[in-house]
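Hydrogens, waters and symmetry mates are skipped; everything else that's a heavy atom, side chains included, is used. Given the structure is predicted, the values throughout are model-derived calculations rather than measurements. FYI, the numbering just counts along the sequence from 1.
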Amino acid sequence: MSYDVLFEPFQLGNLSLPNRTVMAPMTRGFSPAGIPGQNVAEYYRKRVEGGVGLIVSEGTLINHPAATDNTEYPSFFGEHALAGWKNVIETVHAAGGKMMPQIWHIGSTRRPGTGPNPDAPSVSPSGLVAPGKKVFEALSTAEIETLVQAYAQAAFDAKELGFDGVEVHGAHGYLVDQFFWGGTNLRDDKYGGSIVARTEFAVEIIKSIRERCGEDFPLVLRWSQWKLQDYTAKLTNTPEELAAFLEPLSQAGVDIFHCSQRRFWEPEFDSSDLNLAGWTKEITGKPTISVGSVGLDQEFISSFQGAGAGVANIDNLIERMDKNEFDLIAIGRALLSNPDWVNKVRKGELDQLKPFSQEDKESLN
């Protein structure tokens, strides 16, 4: 099978990529006190030299005291952390790469009493850690407005540092997704209610980023149906619901939708073979990134919890990309084991790819 479709250039506004491969954002936790060091820069540089067209960083934390429960996750605020990220992007650019930070707040998945500010209360739209499990107080309107501006400031800092765009993490049951999900958003103000109303927090973030960064700064939104709290959760159950959900986000200014699935090859609805990224592209007309266990014989949850995952062929991926189902494909764990995964695929050397192991997750190589 020819893999040529993977290596076609991609152009969107002033974002020019040499191929259709993306390094997926993967939480790593190798930034003591939130500051990425030279080891982080080298980690990303290796993937650029390995052929990746675009890097989306590990989740980086916005400036809010309850953004994380882990002091090793990188911040995207403050003099020292931003200096670390400046070194990262300069290293990536020097190697010929393109990169966006993923900006992130974990919301109520944060364990109380943890992280760099243990006394800060965890936050969520309705105080729920999962459906039916209320632990905290709901965010006030003023607190929500502060959070919106924190996202916008992180995006502005990314632009100032020279990054090639920004990705907002709106997936997997973290803060933005807690607003999306009816299971964790029970608000009766403008931020809650219908599926359209539940997009309002994200819409305000997107519009604020546009105001601070301009129309030509690439903005990606990552979203998912599944949640850490419930792998079977669905924001939308029909194409019509999906269209209602996506329209306000698209209109607000999302350039690219990054559609997270656990297994990219699974159809999203019974009426079509299209996956989540395929449906999102068809509805919005915007470019999409697909992702989910690419090149591995186990989906990512099981392999992260178990011994690892073997190498699988990518024929189904190529077939879908040949049909223009989605525009870009994000590769995760396969790039932890094989920094040169893209180059090996380009050369047809899939037999030389290493399987994913737990050791790859536990080191920054």
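Within a 6.0 Å radius of CG in D188, no more than 12 heavy atoms belonging to other residues, nucleotides or ligands are found. Residue-environment remark: CD (E266) exceeds the threshold of 12 foreign heavy atoms within 6.0 Å. Annotation for Q11: atom CD counts as buried by contact number, over 12 foreign heavy atoms lying within 6.0 Å. Around CD of E247, the count of heavy atoms belonging to other residues, nucleotides or ligands within 6.0 Å does not exceed 12. Heavy atoms from other residues, nucleotides or ligands lying under 6.0 Å from NZ of K207 number 12 at most.
S75 contributes atom OG, which lies 9.0 Å from atom CG of L82 (distance to the nearest 0.5 angstrom). Rounding to the nearest 0.5 Å places OG of S290 at 10.0 Å from CG of L328. One finds the OG1 atom of T109 at 10.5 Å from the CG atom of D177 (value rounded to the nearest 0.5 Å). How far CG of N14 is from CZ of F217: 9.0 Å, rounded to the nearest 0.5 Å. We find the CZ-CG distance between R346 and D4 to be 9.5 Å, quoted to the nearest 0.5 Å. For the atom pair NZ of K361 and CZ of R333, the computed distance is 10.5 Å after rounding to the nearest 0.5 Å.
Using a 4.5 Å heavy-atom cutoff, the side chains of T280 and F326 are not in contact. In this structure the side chain of F136 reaches within 4.5 angstrom of the side chain of S108, judged on heavy atoms. With a 4.5 Å cut-off on side-chain heavy atoms, I314 and V345 count as touching.
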Begin with the C-alpha distance, continue with both residues' side-chain angles, and end with the deciding distance and a verdict on side chain to side chain donor-acceptor pair (under 3.5 Å) for N63 and Q153. CA-CA 8 Å; N63 188 7; Q153 182 64 50; over 6 Å; no
Please walk me through it: do K190 and E204 pass salt bridge (Lys or Arg N to Asp or Glu O under 4.0 Å)? CA-CA 11 Å; K190 68 175 181 176; E204 291 184 4; 3.0 Å; yes
Between R28 and Y73, does the side chain to side chain donor-acceptor pair (under 3.5 Å) criterion hold? Intermediate values first, please. CA-CA 7 Å; R28 302 312 314 276; Y73 292 168; over 6 Å; no
Determine, step by step, whether S250 and K286 satisfy the side chain to side chain donor-acceptor pair (under 3.5 Å) criterion, reporting the C-alpha distance in whole Å, the side-chain angles of both residues, the deciding distance to 0.1 Å, and the verdict. CA-CA 8 Å; S250 182; K286 299 285 183 76; 3.1 Å; yes
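The only option from F156, Y44, F76 that meets the ring-ring contact (aromatic ring centres under 6.0 Å, His included) definition with F163 turns out to be F76. E49 pairs with exactly one of K46, R47, R45 by the salt bridge (Lys or Arg N to Asp or Glu O under 4.0 Å) rule, that one being R45. Each of Q225, E268, E241 was scored for a side chain to side chain donor-acceptor pair (under 3.5 Å) with T236, with one residue passing: Q225.
Under the 4.5 Å side-chain heavy-atom criterion for ILVMFWY residues, a single connected hydrophobic cluster contains both M23 and F356. V291 and V52 are assigned to two separate hydrophobic clusters, defined by single-linkage of ILVMFWY side chains at heavy-atom distances under 4.5 Å.
At a threshold of 4.0 Å, the pair E349-K344 does not count as salt-bridged, since none of the basic side-chain nitrogens sits closer than that to a carboxylate oxygen. The pair D360-K354 does not count as a salt bridge, with every side-chain nitrogen at least 4.0 angstrom from each carboxylate oxygen.
For the pair R20 and F10, the cation-pi test (distance below 6.0 Å, angle within 45°) is failed. A cation-pi contact links R262 to Y231, judged by a cut-off of 6.0 Å to the six-membered ring centre and 45° from its axis.
A centroid separation of less than 6.0 Å is found between the aromatic rings of F245 and F180.
Scanning all heavy atoms of the two residues, the minimum distance from R110 to P121 falls at NH1-C, 3.8 Å. In terms of heavy atoms, A233 sits closest to K227 at CB-CG, 3.7 Å. Residues D164 and M100 come closest through the heavy atom pair O-CE, 3.9 Å. Counting all heavy atoms, side chain and backbone alike, M99 lies closest to I89 at CB-CD1, 3.7 Å. Smallest separation of non-hydrogen atoms from P125 and A138: O-CB, 3.3 Å. In this structure, K281 and D327 approach most closely via the heavy-atom pair NZ-OD1, 3.1 Å.
Between H169 and W104, the ring planes are parallel. Angles under 30° get that label, and only those over 60° would be called perpendicular. Classified by interplanar angle (parallel below 30°, tilted 30° to 60°, perpendicular above 60°), the ring pair H172/W226 is parallel.
In the model, N70 has no side-chain atom that pairs as donor or acceptor with a side-chain atom of T68 under 3.5 Å.
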